[in-house]
Colleague: 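Before I ask anything, here is the structure I am working with.
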Amino acid sequence: MTKTGGFSKNIFIKNKKIIVQISVLLVVAFLFLTLGISIGDGVIQFGNGRIVSINTSSSTQGLPTSLNYAAVQQEYNILKNNFDGKLTNQQLQDGMQAGLTDATGDPFTEYFNSSQAKIFNNELNNTFSGIGAELGKNAKGQVIVISPLSGYPADKAGIKAQDVIISVNGKSTSGKDIDGVVNSIRGPNGTIVTLEVQRGTDPVQTYKVTRQQITAPSVQSSIINGDTGYIQIVSFAGDTGSLAQTAANNFKAKGVKHIILDLRDNPGGLVTAAVDVSSLWLPQGQTIMIEKHDNKVVQTYQSTGNDILKGIPTVVLINGGSASASEITAAALRDNKAATLIGQKSYGKGSVQEIDNLTGGAVLKVTIAHWFTPNDVTINKKGIQPDIIVTQSAADTSTNTDTQKNAAIKYLQTH
């Protein structure tokens with residue numbers, strides 16, 4: 001089973017509406033999907049037979065063996081004979097199947113047609129087509145470039161950090177949320193997106209940027225102030241466990257005294273990655289996550305014992321964009337008294353989805369369970385409240401002031 005979830009504000013990362021949260025959130029080849037996969041709150045795990053028992057939930061046992069297809073056929077006949085417009089067989093098929101998932105009222109139970117499934121697959125593999133730039137908003141509410149990814153299209157075109165994106169393909173970004181702008185900028189590899197950009201008080205400039213396939217490493221690390229290891233995880237992907245371990249080994253070799261684990265705006269991803277990361281701090285056998293169906297324990301995830309960073313004072317940074325696998329990791333470290341959480345309340349996605357292949361390349365993602373923290377607490381729709389609340393304002397972001405990170409450094413130095 002795989003759990004993923006969340007969302008992202010990175011053009012080269014993903015759109016939160018195709019969760020997988022993640023968080024995410026995010027790295028399994030679709031050829032494996034024939035085995036059955038569960039995803040949810042940042043975790044992915046291959047089906048192993050237990051899905052059969054999960055699908056016999058008491059809440060669905062009263063449903064009929066099959067639906068009344070005569071009514072569907074009747075509706076189809078009316079549309080076919082009377083609709084004043086153009087329809088295709090694929091449109092109607094997709095609409096009918098999407099309608100079944102919409103009827104659940106669960107935002108994480110979704111039908112992906114073949115095109116959407118390909119996008120989802122790319123997200124699971126942490127590979128995206130875009131211009132390679134992280135977006136945010138400044139104190140005025142304008143969409144700005146937080147940072148262009150070095151060597152990728154935005155950077156090569158000359159777009160700089162703090163540039164204001166006025167419009168995308170002739171459509172104003174005023175009043176738009178980040179995800180909407182990201183969606184308009186993303187597109188097929190090799191196609192061109194036109195951006196109107198303003199830098200400071202300079203006249204508005206037009207950039208025509210060719211989109212490119214971008215694979216971003218999920219982990220970045222450095223040593224700050226000489227003795228504090230800093231690990232930023234942007235998603236819990238297939239490379240996360242190995243990259244985090246490499247960073248941990250480097251920290252150990254350099255004798256770091258403190259660690260900051262930055263999970264802000266991380267939409268989640270693979271549960272195996274969440275387990276691997278948490279295990280860097282936790283001795284073998286510590287509970288990382290409890291999975292329940294119909295309020296009964298289905299599986300308990302435990303640390304593997306690769307506790308390279310055990311005992312090193314650690315702060316985990318979270319915010320409203322930290323979802324699924326991010327929340328699993330943050331809760332696991334706090335509940336096991338291995339870290340202090342600083343920042344703002346997390347997103348609050350605590351459900352588990354199964355992914356199944358359908359005919360024609362479509363995919364069905366259906367909620368089958370929920371997960372709980374080691375202290376047996378659900379975070380679903382509630383989020384995780386940090387131990388120390390520190391707000392990062394738009395004004396801070398616009399001036400490149402990382403108030404939350406600074407608070408983490410100060411906390412570690414004084415404790």
Colleague: Nearest 0.5 Å, what's the NZ-CG distance between Lys137 and Leu135?
Modeller: 10.5 Å
Colleague: Please identify each residue that fulfils side chain to side chain donor-acceptor pair (under 3.5 Å) with Asp94, with sequence neighbours left out.
Modeller: Gln90, Tyr111
Colleague: Is it true that a side-chain atom of Gln198 and a backbone atom of Val204 form a donor plus acceptor pair closer than 3.5 Å?
Modeller: no
Colleague: Could you measure the distance from the OG atom of Ser221 to the CG atom of Asp262? Nearest 0.5 Å is fine.
Modeller: 12.5 Å
Colleague: Side chain of Thr206, backbone of Glu196: donor and acceptor closer than 3.5 Å?
Modeller: no
Colleague: Under a 3.5 Å threshold, yes or no: a donor from one side chain and an acceptor from the other, between Ser218 and Asp239?
Modeller: yes
Colleague: Is Trp371 close to Glu327 at the side-chain level, that is, under 4.5 Å between some pair of heavy atoms?
Modeller: yes
Colleague: Drop me the distance from Ile165's CD1 to Ile144's CD1, to the nearest 0.5 angstrom.
Modeller: 9.5 Å
Colleague: So which atom in Val390 and which in Gln404 form the shortest heavy-atom distance, rounded to 0.1 Å?
Modeller: O-NE2, 2.8 Å
Colleague: Main chain of Asn380, side chain of Thr378: is a donor-acceptor contact present, judged purely on distance under 3.5 Å?
Modeller: yes
Colleague: Just by modelled atom types, is the Gln284 backbone N or O under 3.5 Å from a matching donor or acceptor in the Gln302 side chain?
Modeller: no
Colleague: Do Lys160 and Asp163 come close enough that some side-chain heavy atom pair is under 4.5 Å?
Modeller: yes
Colleague: Spell out, as yes or no, whether a donor-acceptor pair under 3.5 Å connects the side chain of Thr240 to the backbone of Gly238.
Modeller: no
Colleague: Tell me the closest heavy-atom pair linking Thr109 and Asp106, and the distance in Å.
Modeller: OG1-OD2, 2.7 Å
Colleague: Flag the pair Trp281 / Ile259 as yes when at least one side-chain heavy-atom distance between them is below 4.5 Å, and no otherwise.
Modeller: yes
Colleague: Cut-off 3.5 Å, side chains only: do Ser279 and Asp276 have a donor facing an acceptor?
Modeller: no
Colleague: Quick one: OG1 on Thr304 to CG on Leu282, what's the gap to the nearest 0.5 Å?
Modeller: 9.0 Å
Colleague: Please list, chain by chain and in numerical order, all residues satisfying side chain to side chain contact (heavy atoms under 4.5 Å, CB included) with Asp307, sequence neighbours excluded.
Modeller: Pro283, Lys310
Colleague: Do Glu110 and Gln116 meet the criterion of a side-chain donor-acceptor pair at a distance under 3.5 Å?
Modeller: no
Colleague: Examine distances only and state if a side-chain atom of Thr173 and a backbone atom of Lys176 form a donor-acceptor pair shorter than 3.5 Å.
Modeller: no
Colleague: Could you pull out all residues at least two apart from Asp376 that satisfy salt bridge (charged side-chain N to carboxylate O under 4.0 Å, His left out)?
Modeller: Lys292
Colleague: Main chain of Val193, side chain of Asn169: is a donor-acceptor contact present, judged purely on distance under 3.5 Å?
Modeller: no
Colleague: Are Gln286 and Asn336 linked by a side-chain donor-acceptor pair shorter than 3.5 Å?
Modeller: yes
Colleague: What's the shortest heavy-atom distance between Ala408 and Ile260, and which atoms?
Modeller: CB-CD1, 3.9 Å
Colleague: Take Val168 and Lys171 through the test side chain to side chain contact (heavy atoms under 4.5 Å, CB included) and record every step on the way to the result.
Modeller: CA-CA 5 Å; Val168 179; Lys171 296 183 178 180; 5.7 Å; no
Colleague: Strictly distance-based, threshold 3.5 Å: is any side-chain N or O of His293 a donor or acceptor partner for the main-chain N or O of Ile368?
Modeller: yes
Colleague: Does the side chain of Leu195 reach to within under 4.5 Å of the side chain of Ile131, using non-hydrogen atoms?
Modeller: yes
Colleague: Write out all pairs satisfying salt bridge (Lys or Arg N to Asp or Glu O under 4.0 Å) with one or both partners inside residues 399-415, taking only residues at least two apart or from two chains.
Modeller: Arg264-Asp402
Colleague: Check whether any side-chain heavy atom of Ile231 lies under 4.5 Å from a side-chain heavy atom of Phe251, and answer yes or no.
Modeller: yes
Colleague: Could you tell me which residues satisfy salt bridge (charged side-chain N to carboxylate O under 4.0 Å, His left out) with Asp177, sequence neighbours excluded, listed by chain and number?
Modeller: none
Colleague: Ignoring hydrogens, what is the shortest heavy-atom contact between Thr401 and Asn406? Give both atom names and the distance.
Modeller: CG2-ND2, 4.3 Å
Colleague: If you look at every heavy atom in Ile288 and Ala332, which pair is closest and at what distance?
Modeller: O-CB, 3.7 Å
Colleague: Could you go through Thr314 and His258, starting from their C-alpha distance and side-chain angles, then the distance that decides it, and tell me whether this counts as side chain to side chain contact (heavy atoms under 4.5 Å, CB included)?
Modeller: CA-CA 6 Å; Thr314 298; His258 320 105; over 6 Å; no
Colleague: Can you find a side-chain donor-acceptor pair between Gln212 and Tyr152 that sits under 3.5 Å?
Modeller: no
Colleague: Kindly say whether Leu263 contributes a backbone atom to a donor-acceptor pair with the side chain of Ser322 at under 3.5 angstrom?
Modeller: yes
Colleague: Out of Thr329, Leu261, Thr287, which residue meets the side-chain contact (heavy atoms from CB on, under 4.5 Å) rule with Ser278?
Modeller: Thr329
Colleague: Taking all atoms of both residues into account, what is the closest heavy-atom pair of Gln413 and Asn225, and its distance?
Modeller: NE2-ND2, 3.8 Å
Colleague: Set out, in order, the CA-CA distance, both residues' side-chain angles and the distance that settles side chain to side chain contact (heavy atoms under 4.5 Å, CB included) for Phe236 and Val277, then state yes or no.
Modeller: CA-CA 9 Å; Phe236 284 81; Val277 171; 3.9 Å; yes
Colleague: If you measure only the distance, is there a donor-acceptor pair under 3.5 Å linking the side chains of Thr191 and Arg211?
Modeller: yes
Colleague: Quick one: CG on Leu100 to CD on Gln97, what's the gap to the nearest 0.5 Å?
Modeller: 7.5 Å
Colleague: How far apart are the C-alpha atoms of Thr373 and Asp335, what are their side-chain angles, what is the distance that settles it, and do they pass the side-chain hydrogen bond (donor to acceptor under 3.5 Å, both in side chains) test?
Modeller: CA-CA 8 Å; Thr373 72; Asp335 284 6; 3.1 Å; yes
Colleague: For Ile389, which residues count as a side chain to side chain contact (heavy atoms under 4.5 Å, CB included) partner, sequence neighbours excluded?
Modeller: Gln385, Pro386
Colleague: Taking Asn266 for its side chain and Ile233 for its backbone only, find out whether a donor-acceptor pair lies under 3.5 Å.
Modeller: yes
Colleague: Go through the side-chain N and O atoms of Asn306 and Gln245 and say whether any donor and acceptor fall under 3.5 Å apart.
Modeller: yes
Colleague: How far does CG of Asn183 sit from CD1 of Ile178, to the nearest 0.5 angstrom?
Modeller: 11.5 Å
